[in-house]
Amino acid sequence: MTEIVSLEELAARIPSGAKLALPADYAGVAMAATWPLIASGARGLHIVCVPTGGLQIDLLIGAGRVQVLETSAVTLGEAGGAPAFVRAVCEGGLELLDATCPAILSGLAAAQKGVPFMPMRGLIGSDLLRVRPDWRVTENPFEPGDEIVAIPAIRPDIALFHAAEADRDGNVWIGRRRELALMAYASATSFVTVERIRDASLLDDEVTAAGVLPALYVGAIAHAPNGAWPYGLWGEYPTDAAEIARYAEMARSEASFSAYLQRFTGTAAFA
Amino acid sequence: MTEIVSLEELAARIPSGAKLALPADYAGVAMAATWPLIASGARGLHIVCVPTGGLQIDLLIGAGRVQVLETSAVTLGEAGGAPAFVRAVCEGGLELLDATCPAILSGLAAAQKGVPFMPMRGLIGSDLLRVRPDWRVTENPFEPGDEIVAIPAIRPDIALFHAAEADRDGNVWIGRRRELALMAYASATSFVTVERIRDASLLDDEVTAAGVLPALYVGAIAHAPNGAWPYGLWGEYPTDAAEIARYAEMARSEASFSAYLQRFTGTAAFA
Amino acid sequence: MRPASDRERLIATVAELLAGVHHVAVGASSPIPAAGAMLRRAVDAKRGEAPVRISILGSARHNFFTNGSSELFDCAAQGRIDAFFLGGGQIDGQGDINLVGAGDYPRSAPRWPGSFGSGLLYYVVPRVILFREEHSPRVLVEKVDFISAAGASPPSVRRPGGPYALLTSLALFRFDKARRCFVLTGVAPGHDTDEVRDRTGFGFDVAEDLGPIPEPSPEALALIRDRVRGELAETYPQFAETLRDE
Amino acid sequence: MRPASDRERLIATVAELLAGVHHVAVGASSPIPAAGAMLRRAVDAKRGEAPVRISILGSARHNFFTNGSSELFDCAAQGRIDAFFLGGGQIDGQGDINLVGAGDYPRSAPRWPGSFGSGLLYYVVPRVILFREEHSPRVLVEKVDFISAAGASPPSVRRPGGPYALLTSLALFRFDKARRCFVLTGVAPGHDTDEVRDRTGFGFDVAEDLGPIPEPSPEALALIRDRVRGELAETYPQFAETLRDE
């Protein structure tokens with residue numbers, strides 16, 4: 001059964017050490033849940049970026065919440081590199097699982113299918129393969145000598161994302177952002193923040209049903225209007241590029257990063 | 001570029017020997033294209049049922065059009081067994097690739113991902129595995145001794161199905177019948193019959209876009225109102241169970257099967 | 001209250017077999033399993049427990065899936081489906097099932113529709129209930145002619161699922177995974193163990209606490225005749241109608 | 001007509017490199033490749049040829065995908081994408097690219113965002129165009145510090161895709177797959193081969209027909225300044241604006 005809870009309660013259900021799947025900038029980032037998550041004090045998170053990360057990841061890293069980071073990239077887009085990420089990498093403060101987008105998506109697809117791995121073309125000859133001993137070069141059983149990489153299933157504890165709408169049964173409208181469904185299938189449960197909660201079931205109409213992630217996969221929902229801000233939400237509102245640029249500027253030093261965070265979390269130092 | 005053509009033209013583009021993916025009864029069967037396909041004289045078809053078959057398959061088999069049949073089941077549902085299928089099996093007139101639904105879906109998913117195979121749980125100890133030497137028991141590269149089956153990619157030449165709506169760009173609304181998208185991704189091209197062709201793009205509105213198979217995968221579209229009949233189409237019209245029962249009765253002998261066919265195709269003997 | 005019909009007793013037995021289940025999936029043409037699942041849900045709701053989620057393939061109202069045919073199988077492989085029903089043209093004493101046909105493959109006679117999803121679901125769903133109304137040596141055979149899905153697997157195979165029980169109009173068996181055999185736990189009222197032996201083509205054990213399959217409780221019977229029949233009407237209108245006449 | 005700016009020449013060169021392509025995908029922050037693809041489409045349309053399909057990641061109008069992030073990669077692996085663009089913090093003479101960082105991994109300094117989709121796309125898209133405006137020994141190195149994706153693969157690896165050309169503000173190279181090296185085919189007007197050698201950290205061959213990178217035709221220039229700039233404005237409003245001022 002999906003529970004409808006407050007943002008704080010939703011964040012409080014993410015324990016230290018959780019393996020957390022988080023979407024890319026354009027896909028519905030649960031920014032409003034980021035502040036209470038940081039305030040809750042959960043540490044040692046294992047973050048899986050699906051398949052890249054931005055502001056949310058950089059905040060969690062800067063606040064010292066991340067132990068393991070699996071990602072294909074971390075960037076603030078137009079605003080440049082992600083300062084806390086770059087700093088943590090240089091200082092060796094992160095267990096880094098560098099990936100490539102389709103490998104993360106393949107690992108999640110393996111979890112979706114309930115199989116231990118998915119084969120994937122590419123990768124051979126790259127240093128990604130060298131630094132990821134958890135990826136294996138294997139032989140195509142249908143063609144001797146044909147080498148292909150096996151990507152192990154990625155099974156996060158929780159997928160956390162933001163979407164436009166949910167109904168009271170816990171169904172979530174994700175539209176064509178189906179990587180959110182992929183994250184949810186692969187994860188033990190999903191926590192979703194939404195712009196609106198509507199009374200009528202999203203499954204009652206075949207047109208809206210086509211864009212629904214069923215409640216079956218959703219553990220908790222929190223109402224969070226404008227909840228992707230400063231990121232935008234497709235079909236709802238654009239990205240606040242000025243705010244992201246402001247963050248990029250402030251995150252360049254640890255002191256001003258802390259000041260930025262404090263504004264949203266109400267508490268002092270985090271690093 | 002997607003072309004909008006007549007039903008006859010669409011059927012004429014299916015050559016002898018084509019590997020054809022066809023959907024299950026409930027998912028949008030292009031029945032209206034079946035009659036001109038049989039009339040066109042294409043033979044030696046390799047049919048992949050996604051993942052089961054019914055009336056359409058039985059008609060093609062009875063008309064002598066099918067050489068290879070890959071399926072998890074063929075049945076007329078409430079109307080009972082599929083007479084032409086059962087007759088062909090008993091007479092040894094079909095190359096039968098007996099499967100199980102998730103194996104067919106896994107084979108198509110492998111083609112979707114552009115990989116040579118997908119691993120799948122189950123199957124071990126079954127006779128399906130014995131009669132399908134193209135499926136291989138392989139070892140999970142991440143756990144020595146853990147046996148798992150590798151299902152080779154299924155890459156049909158053409159996916160043929162019926163849907164409610166297409167636009168003039170060739171985008172097709174499939175709603176939550178996403179096995180149709182899977183078929184299309186896996187196939188070299190898709191031929192789609194539709195109830196309606198609309199002028200406005202289905203991609204212009206994010207709500208309808210969520211249920212769209214993009215034109216990218218669609219080679220040809222034909223307008224065929226009531227085109228799934230006697231099968232139903234979700235959200236449009238129900239199955240005509242009486243007609244399917246009538247077929248089940250007539251298909252019990254080759255003579256009355258031919259009479260049934262002649263009514264729709266206008267030509268005489270087929271077997 | 002009118003006494004329970006045979007089908008009402010089967011429905012109540014299915015509901016008992018589903019005790020503790022969170023998500024049960026039911027095939028498209030399985031009205032008795034569907035009714036049993038609906039009764040389970042109704043009983044749990046009356047007791048204030050979390051209602052079981054029921055996915056009925058082919059039903060509009062009970063279709064929670066939005067990712068096409070793949071989602072049932074993916075969902076089962078993810079461990080999100082606790083119970084499922086399978087039948088079989090033949091079922092043997094090792095729990096192997098045959099949905100393909102009798103005689104020598106591939107020229108089976110009779111040929112049945114095919115294996116459907118059994119090649120995965122039998123292996124990954126923890127509580128598979130084999131349900132077949134006909135109880136005869138023709139169906140319950142010593143060894144199936146074709147194994148659509150195997151009842152048990154060697155230790156090298158990861159297998160969270162498999163047979164849990166076998167229910168017919170005559171008897172109820174549980175499956176002993178360790179010993180790979182069925183154990184008779186209940187006989188339909190008015191029949192006895194000897195008749196079960198005569199009409200079963202495979203050998204089986206007998207439970208120490210063997211007894212008659214219980215009649216549905218008055219509470220269960222009332223729920224079947226009111227709420228469950230109403231819910232069934234959407235997906236199985238004909239079945240719901242005939243159930244009224246019993 | 002005002003003469004072509006450097007960026008307009010890059011756009012026209014990209015359009016030439018896309019001749020014969022049916023479907024080109026462009027990354028989210030790649031306005032010059034996107035403009036080149038739009039010019040290709042405009043030129044083909046004027047000639048009555050089938051227009052190239054352009055998928056721009058992050059664009060609403062040029063997003064034909066409805067299956068989330070996976071669809072670009074699936075589509076490429078299916079062989080439905082003919083051309084794509086990649087850059088790199090470092091690109092070396094074997095066509096290896098580095099999007100991860102300089103120095104010893106994992107404590108790279110500087111650290112760049114990461115490999116994005118290169119680990120698959122570089123291997124399966126037949127015509128990958130490496131595009132980097134900066135032409136310096138810092139970017140074009142003898143050997144990259146980290147291989148995000150390899151320029152060539154041993155024969156045991158199925159590889160339909162790989163580098164096709166390398167375009168910078170200074171030069172155009174094609175990639176010789178058999179010999180795993182770049183071949184200089186064009187130099188930007190006002191520059192010469194010696195300067196290319198000085199500013200390139202890796203060795204390269206020189207094409208027999210080496211010449212200046214051609215100026216855009218008047219037809220191409222007119223299309224860039226009218227139709228292409230209008231189309232760009234939806235996805236890259238700032239870029240379209242600055243293009244006007246050149």
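Note on naming: letters A, B, ... go to the chains in the order of the sequence lines (proteins, then strands), and numbering restarts at 1 for each one. These figures come from a predicted structure and were not determined experimentally.
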Can you tell me how far [atom2] of [Y] sits from [atom1] of [X], rounded to the nearest 0.5 angstrom?
X	Y	atom1	atom2	value
C/Y105	B/D98	OH	CG	3.5 Å
C/S118	B/L128	OG	CG	6.5 Å
C/N63	B/W234	CG	CH2	12.5 Å
B/L96	C/R111	CG	CZ	5.0 Å
C/T66	B/R177	OG1	CZ	10.5 Å
C/L120	B/S106	CG	OG	8.0 Å

Answer with side chain, backbone, both or neither: which region of [X] has an atom nearer than 4.5 Å to a non-hydrogen atom of chain B?
X	answer
C/D145	backbone
C/S148	backbone
C/F65	backbone
C/V144	neither

Could you look at [X] and say if it's the side chain, the backbone, both or neither that has a heavy atom under 4.5 Å from chain C?
X	result
B/L182	side chain
B/A99	backbone
B/V89	both

More than 12 heavy atoms from other groups under 6.0 Å of [atom1] on [X]:
X	atom1	result
B/E243	CD	yes
B/R252	CZ	no
C/E142	CD	no
B/E143	CD	yes

If you count heavy-atom pairs within less than 4.5 Å of chain B, which of C/F73, C/F116, C/W112 leads?
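Heavy-atom pairs under 4.5 Å are most numerous for C/F116.
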
Between [options], which has the largest tally of heavy atom pairs under 4.5 Å with chain C?
options	answer
B/I104, B/I148, B/L180, B/T100	B/T100
B/V86, B/T75, B/V131, B/T71	B/V131
B/G125, B/P102, B/A103	B/P102
B/V50, B/T52, B/D146, B/I174	B/D146

Sub-4.5 Å side-chain heavy-atom contact between [X] and [Y]:
X	Y	value
C/S69	B/P51	yes
B/N140	C/R158	no
C/S153	B/I124	no

For the residue pair B/C101 and C/G117, what are the closest heavy atoms and their distance?
SG-N, 3.6 Å

